[in-house]
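So that the names make sense, note that chain A is the first sequence line, chain B the second, and so on, each numbered from 1. Computation of the quantities below employed the complete heavy-atom set of this structure, encompassing side-chain atoms and omitting hydrogens, waters and symmetry-equivalent molecules.
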There are 2 protein chains.
Amino acid sequence: MKRPAKKVATDRSFVVALSRGLDVLRAFQPNDGLLGNQEIAARTKLPKPTISRLTYTLTKLGYLTPVPRFEKYQLAPSAMALGYAALANLGVRHLSEPYREEVMRATGGAVAVGGRDRHSMIYFGQSRNGLTLGVQLDVGSRIPIATTAMGRAYLWALGSDERAALLRELREHYGSRWPKLRDGIERSGETVARHGFAISAGEWHDDVAAVGVALKLNDGTGPYAFNCGAPAFRFTEDRLLSDIGPRLVAMVRNIEAALGGAAPQSKKQENKKLGSGGKVARMVEGIR
Amino acid sequence: MKRPAKKVATDRSFVVALSRGLDVLRAFQPNDGLLGNQEIAARTKLPKPTISRLTYTLTKLGYLTPVPRFEKYQLAPSAMALGYAALANLGVRHLSEPYREEVMRATGGAVAVGGRDRHSMIYFGQSRNGLTLGVQLDVGSRIPIATTAMGRAYLWALGSDERAALLRELREHYGSRWPKLRDGIERSGETVARHGFAISAGEWHDDVAAVGVALKLNDGTGPYAFNCGAPAFRFTEDRLLSDIGPRLVAMVRNIEAALGGAAPQSKKQENKKLGSGGKVARMVEGIR
DNA sequence: TCGTTTGGTTTCGCACTGCGGAATTAAATT
DNA sequence: AATTTAATTCCGCAGTGCGAAACCAAACGA
């Protein structure tokens with residue numbers, strides 16, 4: 001009864017202006033520092049006057065700083081504060097730290113937790129020893145879903161509907177490059193089914209090898225995923241399979257236990273709530 | 001010509017819906033993890049249906065995650081991504097790192113950079129050696145403006161108008177506690193005038209002593225500030241004055257030089273632009 | 001010097017969004 | 001069963017937010 005229209009159309013509860021404003025903020029990628037109204041308009045595909053109003057509003061609220069020298073904008077401290085609040089509220093991050101540390105010491109690989117944002121996994125926290133990888137990844141770093149151990153573990157931890165939805169998104173996102181990626185994902189699906197962890201050896205960066213394990217919580221919060229990686233010469237595929245992988249699985253199980261049990265897998269619970277109408281129903285409908 | 005109304009009233013360029021949506025996100029403080037619509041409504045003073053719509057929108061966009069178990073929401077990875085992008089785009093943070101490291105090693109104190117968000121200073125980055133302070137401050141941490149060396153340095157680096165505005169805000173924010181704070185600020189103003197750095201010894205936390213120095217850039221980006229702090233017994237007031245302070249000032253001057261010169265202080269330039277109407281005029285008007 | 005290009009802002013009338021009071025439902029509590 | 005608490009849905013209307021088009025200013029270039 002609220003479903004008919006073809007496009008986004010009439011979703012009376014969706015606040016377009018807010019969505020657009022956030023799109024403007026998101027237009028600022030981690031590199032490109034300064035952006036003018038023009039560039040923002042190009043990226044967001046919104047008409048110029050709209051952008052003007054939005055940047056004006058965001059500036060007034062302190063999320064953007066004008067840089068008069070270049071007549072452009074920059075993300076401001078307030079934007080940062082949001083991110084930090086998000087981070088601080090992420091229980092997994094804190095709780096998993098000692099576990100990560102331990103596995104890092106035991107294996108010599110860097111251990112990280114992350115979750116998904118759009119088409120990427122994004123790091124919530126990591127433990128690395130001095131050596132480790134050539135690639136330096138910080139909190140907030142993004143890594144692809146399709147080619148990384150963390151991403152694959154995450155993907156295969158999703159319910160089949162969500163997974164299908166995500167795969168569709170990725171396909172669209174990657175265009176012609178998709179088939180190759182999809183193959184890798186499918187292979188990793190078998191690995192996950194058999195061993196409980198995903199592997200990526202040289203598929204993301206030539207010289208990086210890692211395993212990934214997903215964590216499900218019973219609070220309904222989307223799955224998270226851990227990885228443990230090192231330079232390829234240090235983690236041979238053999239070692240990944242027989243040593244690192246199982247170790248990471250054990251770690252995650254421990255964390256799940258500490259956090260109050262893994263997610264119940266049965267759809268029943270959810271459906272009960274879903275069937276009864278109410279908020280959750282709309283939520284689920286809205287989300288995917 | 002756009003000024004008359006008493007309240008926010010008619011600012012045709014200000015997008016209210018966006019502002020409110022961001023208020024909802026901001027309602028999530030770094031601690032209180034989960035928030036229900038109710039609590040959000042209370043904090044933001046917005047009517048419930050409005051909150052419903054906004055949380056619905058934010059959820060759909062991936063900035064909030066519903067936690068069905070508690071019928072509440074949590075900040076989601078997308079929110080974090082924003083913050084990270086902000087951080088990554090902050091030139092000062094990266095460029096200042098080696099300088100901070102050096103001063104840290106030379107003095108034994110922790111050295112940090114930060115900027116302002118609302119009523120606080122917020123850390124962009126810091127260098128600490130193993131020991132240092134009892135208080136552990138991370139990127140994203142907030143410290144007060146009035147009682148800290150960093151905050152005071154920042155405050156006295158503002159133009160007199162902005163400073164006045166900020167002081168007004170703080171006064172309102174702190175209510176009856178204000179007079180005492182104001183005294184501290186004023187004393188620190190003299191210190192800044194005389195030595196070029198601000199001091200806070202035991203005024204924020206009993207056992208912490210620090211100096212602060214502001215950094216002005218010529219790109220029009222609001223000032224930033226550095227501090228160098230340690231347990232009080234390690235940084236005596238004498239040492240702050242004669243050693244740590246001057247050293248931090250020197251550091252900041254070096255950074256300014258590396259970044260292409262300190263901000264020109266004359267109001268002329270700005271006024272020229274201002275006079276000519278156009279974007280900047282509206283910006284400035286809007287900001288403060 | 002005068003077009004031209006580029007990037008941004010203002011205007012303005014209208015459509016439809018977003019609003020919020022009030023009614024409604026769900027679940028938890030008594 | 002009655003009450004409380006917390007959310008959602010309804011729905012008509014005010015006025016927000018929209019965006020095409022016009023306008024402006026500065027930078028370029030010839």
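Comparing A:Val16 and B:Gly36 along DNA chain D, the residue whose closest nucleotide (by nearest heavy atom) sits nearer the 5' end is B:Gly36. Along DNA chain C, the nucleotide nearest A:Leu35 and the nucleotide nearest A:Leu18 are compared for position; the residue whose nucleotide lies closer to the 5' end is A:Leu35. Both A:Pro49 and A:Val15 lie near DNA chain C, and the one whose nearest nucleotide falls closer to the 5' end is A:Pro49.
Whole-Å rounding puts the A:Leu34 CG to C:dG8 P distance at 12 Å. Between B:Leu54 atom CG and D:dA7 atom C1' there is a gap of 15 Å when expressed in whole angstrom units. Atom NZ in A:Lys72 sits roughly 8 Å away from atom P in C:dG8 (whole-Å rounding). As rounded to whole Å, 13 Å separates atom C1' of D:dT9 from atom OH of B:Tyr56. C:dT9 atom P lies 12 Å from atom CZ of A:Arg53, rounded to whole Å. Atoms CD (B:Glu39) and P (D:dA6) sit 8 Å apart, rounded to a whole Å. Counting to the nearest Å, the C1' atom of C:dA28 and the CZ atom of B:Arg69 are 15 Å from each other. Rounded to an integer number of Å, the gap from A:Leu46 CG to D:dG19 P is 7 Å.
Within the 4.0 Å cut-off from OP1 or OP2 of D:dA7, not a single side-chain nitrogen or oxygen of B:Ser52 is found. The side chain of B:Arg20 places no N or O atom within less than 4.0 Å of a non-bridging phosphate oxygen (OP1 or OP2) of D:dT16. The phosphate of C:dG8 has OP1 or OP2 within less than 4.0 Å of a side-chain N or O from A:Gln38.
Side-chain polar atoms of A:Thr44 and A:Asp23 form no donor-acceptor pair below 3.5 angstrom.
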Pair A:Glu169-A:Arg118, salt bridge (charged side-chain N to carboxylate O under 4.0 Å, His left out): steps then yes or no = CA-CA 9 Å; A:Glu169 262 187 63; A:Arg118 326 261 149 181; over 6 Å; no
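Nearest heavy atom pair, residue B:Arg142 against residue B:Ser120, reads NH1-OG, 3.4 Å. The minimum heavy-atom distance between A:Tyr73 and A:Thr59, with the atom names listed, is CE2-OG1, 3.4 Å. The minimum heavy-atom distance linking A:Leu34 with A:Phe70 is given by the pair CD1-CD1, 3.4 Å.
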